[in-house]
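Here is the structure we will look at.
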Amino acid sequence: MSKVQLPDGSVLEAAERATVRDIAEQIGPGLAKAAIAGRLNGESVDLSTQITDDANLEIITSKDDEGLDILRHSCAHIMAEAICSLWPEAKLVYGPAVRDGFYYDLDLDEPIRPEDFQRIEQKMSEIIAADTPFERVEMSRTEALEKMAGDRYKSDNIQRADGETISFYSHGANGFQDLCKGPHVPSTGRIDRKAFKVMSVAGAYWHGDASQKMLQRVYGTAWRNKKELNEHLRLLEEAKKRDHRLLGRQMDLFSFHDEGPGFAFLHAKGMIIWNEIIDFWRSVHRKYDYEEVKTPIILNEELWHRSGHWDNYKENMYFTMVDGINYAIKPMNCPGGLLIYKSTRHSYREFPIRMAELGLVHRYEPSGQMHGLVRVRQFTQDDAHIFCTPEQIESEIVGVIDLVMELYKAFGFDDYHIELSTKPEKRIGSDEIWEVATQALANALEQKGIDYQLNPGDGAFYGPKIDFHIEDCLKRSWQLGTIQLDFSMPERFGLVYSDKDNTEKTPVMIHRAILGSLERFMGILIEHYGGNMPLWLAPEQMRVLAISEKTSDYAVDVCKRLKNAGLRCGVDVSGEKIGAKIAKTHSDKVPYMLVVGPKESESDTVSARWRGRRETTSVGVEQFIAIAHAKIDDKSLELAFE
RNA sequence: GCCAACGUAGCUCAACGGUAGAGCACUGGUUUUGUAAACCAGCGGUUAAGGGUUCGAUUCCCUUCGUUGGCCCCA
């Protein structure tokens, strides 16, 4: 007889050889029916697991996130069986649950094609309909290795598994079995036949190692019921509409061409957004006491040998030759900044020197990496290099974090995560220096009370870094800002300053970018707003729409007055009907539509409606100008007035 | 870079071994319009590029380039 404590604190007596399922039944038949697995002393287990001792137990249903994960993981097994029955030569590698679904990696020479998905789904449906139980078999590691001898993937998985007990799960009439630590749903029928879908297939390296064989990774999605699946599919469709690549074309902001893969062409409207971002960026940097510099794009190759880029970054660089001399196209701005520093003598009294640069860099990216504006081969970094004394490091980093927060907040980004990346394999500088630098970054984060994720081995080659990441509409994570501490570069370049005691010392250098790449930032921003840019960023802030050509003159006049007031105003005096003009303006995502007819013409007003709203508001022209200016100055996200 | 798919008019997509089509956009005309798309006509393509198979290729095969989804990397 064991005592089982439930999450609410109550204690149940468990009968001899009682299973998790039995306890669920003791609690209530409804729960027993909904149960998927249990959490026994904090560990996830099958419903069939026996309770042998006093324990804490929680029943997991599909309502729990973990329950959903288990459901998806079981669905991955079902898909694996389906695929193996269609392609008996397929070797299974690894199939976990992931966000929104699951995948299974397979070694199979014949490519699985999207046309095959329906066949796979059909097979999965049959397996689910058969509703056979998932059965767990345990054995020792040695036995498991023997059992899987000849299967390099499963043998490898066994060797990597924790603990000495290795488990297999089987289900289905044909005895499909797979190495797995579980837990699983009690039987295949617990998956909703109408709530899963095979989504895509892609290549994936074994162990993520590019030198290993490429496997086929089949992605699927699975939900509690059909309604949730449909909602998920709908959200994917919605996300596609927010894709900056699509909006960039629709809104005429930028384009890409075969003549320059990975090099963005910014159109006139895109440049308006670009310049607004930069104007704001400059104003904030002035406030934080930064100076701005500009360094050349092409510099002698020798400089890059000195900086360590040649040894550590050559594969990502472009080179050129002029007058028989080798030059490199800069992939980073730091060496140029160092030369500026060196061009005059420096005293500790000047420190910290905060030298910002909107620097255009080129980095060679393998062709499969490019992605709209967020992954390009040429981009503008909102870079800065801070030269300071060791004592100033922490306060400078805190200052940069404050600046990051202020900039992100203005764009409405509250949802980002921070990573601290440490010493990589390819690096310059001593271990001791790395330790000090890494600690300084960690201290600053802790001082600000910021949660962060540790990324061992992911630092830049010259120092550890703090990165700021944000997600795009398809939930892909992108790095924006970065703060990198560097003790090595100043030494390599022989940077010095005169200290209080009149000795020469080497300054510390902090590299930082906040928006990261302006191209990427703009791409993320477009998705963030779904193309509906706030007034201060909108390429066309308002458009005057004439009811008919009879009021064209007034419309043109109003537009002119708004332009003279510094507003970005357009006018539509075409022969279209007013309904068509409104529809067009709306699809162009213009914040304000100002309709004018004879009535407005007489009273010097406009009939205003704003993006997303059908009602109109009559407002005087001068009054509207004042309202618009106020909203632009506030960087307001809200268009409504009245 | 690797695996897979895709590339047809400015955009979104048809046609799939037998003369390449539609909607939107654009141009001209009719309409003079009161709040989410009036009507008519016209313009627009060596079907990404190159090679091969074939009487004939947009369609089948190969190569290159580009794009998309992943993997590995990264701002």
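From a predicted model like this one, the values you see are computed outputs, not experimental measurements. Within every chain, numbering begins at 1; the chains are lettered A, B, ... in the order of the sequence lines, protein sequences first and strands thereafter.
- rA5(B) and rA37(B) are spaced 35 Å apart, taking the C1' atom of each and rounding to whole Å.
- When each of rC3(B), rU35(B), rA5(B) is scored by its nearest atom to the side-chain atoms of Arg113(A), the top-ranked nucleotide is rA5(B).
- Checking rU33(B), rG69(B), rG1(B) against every side-chain atom of Lys577(A), the shortest atom distance belongs to rU33(B).
- Taking the C1' atoms as reference points, rG21(B) lies 16 Å from rU59(B), given to the whole Å.
- A donor-acceptor contact under 3.5 Å is not formed by the side chain of Arg614(A) with the base of rU35(B).
- Of all heavy-atom pairs spanning Ser488(A) and Gly429(A), the tightest one is OG-CA, 3.5 Å.
- Here the closest non-hydrogen pair linking Thr295(A) and Gly337(A) is CG2-N, 4.0 Å.
- Between Gly579(A) and Pro111(A), the residue anchored closer to the 5' end of RNA chain B is Pro111(A), taking for each the nucleotide with the nearest heavy atom.
- The residue Gln378(A) sits apart from the nucleic acid: no heavy atom pair falls under 4.0 Å.
- Comparing rU46(B) with rA4(B), their C1' atoms sit 30 Å apart, to the nearest whole Å.
- Comparing the same atom, P, in rC39(B) and in rA48(B) gives a spacing of 33 Å after rounding to whole Å.
- Distances from the side chain of Tyr205(A) to the nucleotides rA37(B), rA75(B), rC71(B) place rC71(B) closest.
- The minimum heavy-atom distance between Arg242(A) and Gly530(A), with the atom names listed, is NH2-N, 3.5 Å.
- Between the side chain of Gln369(A) and the base of rC72(B), a donor-acceptor pair under 3.5 Å is found.
- Taking atom P in both rC65(B) and rG29(B), the straight-line distance is 48 Å, to the nearest Å.
- For the pair Asp467(A) and Ala580(A), nearest-nucleotide mapping onto RNA chain B gives the more 5' position to Ala580(A).
- The aromatic ring of Tyr219(A) does not stack onto the base of rG70(B), failing the criterion of a centre distance under 5.5 Å from the six-membered base ring together with planes under 30° apart.
- The aromatic ring centres of His417(A) and Phe468(A) sit 6.0 Å or more apart.
- Side-chain contact check for Tyr103(A) versus Met79(A): every heavy-atom pair is 4.5 Å or farther apart.
- The side chain of Glu365(A) lies closest to rA75(B), out of rA75(B), rG1(B), rA36(B).
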